[in-house]
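Structure record follows, encoded as structure tokens.
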Amino acid sequence: KIGKVEKYPIGFGKSIEVGSTKVDNVEVAIIANKETGLLGQNFFGKYDVTIKRDEIEFNEPLDK
């Protein structure tokens, strides 16, 4: 449903790894549907992200 707001319990994951990109101690929402996964700004915000047709690139920010 568009515009619907839902609340979920929050926890911390020791780490999340996508390919060779890893973020430690990341806040996560705990959702009962085990087939749902969504990476948010708390993961993507640590990198310069380039989205291409067939791949997503994670690069260390130049202004780090």
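Please read these numbers as outputs of a predicted model, since none were measured by experiment.
I56 contributes atom CD1, which lies 10.0 Å from atom OG1 of T50 (distance to the nearest 0.5 angstrom).
Classified by interplanar angle (parallel below 30°, tilted 30° to 60°, perpendicular above 60°), the ring pair Y47/F58 is perpendicular.
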Which donor-acceptor pairs under 3.5 Å do the side chains of residues 14-28 make with protein atoms, sequence neighbours left out?
none

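Within a 6.0 Å radius of CD1 in I51, other residues, nucleotides and ligands contribute 12 heavy atoms or fewer.
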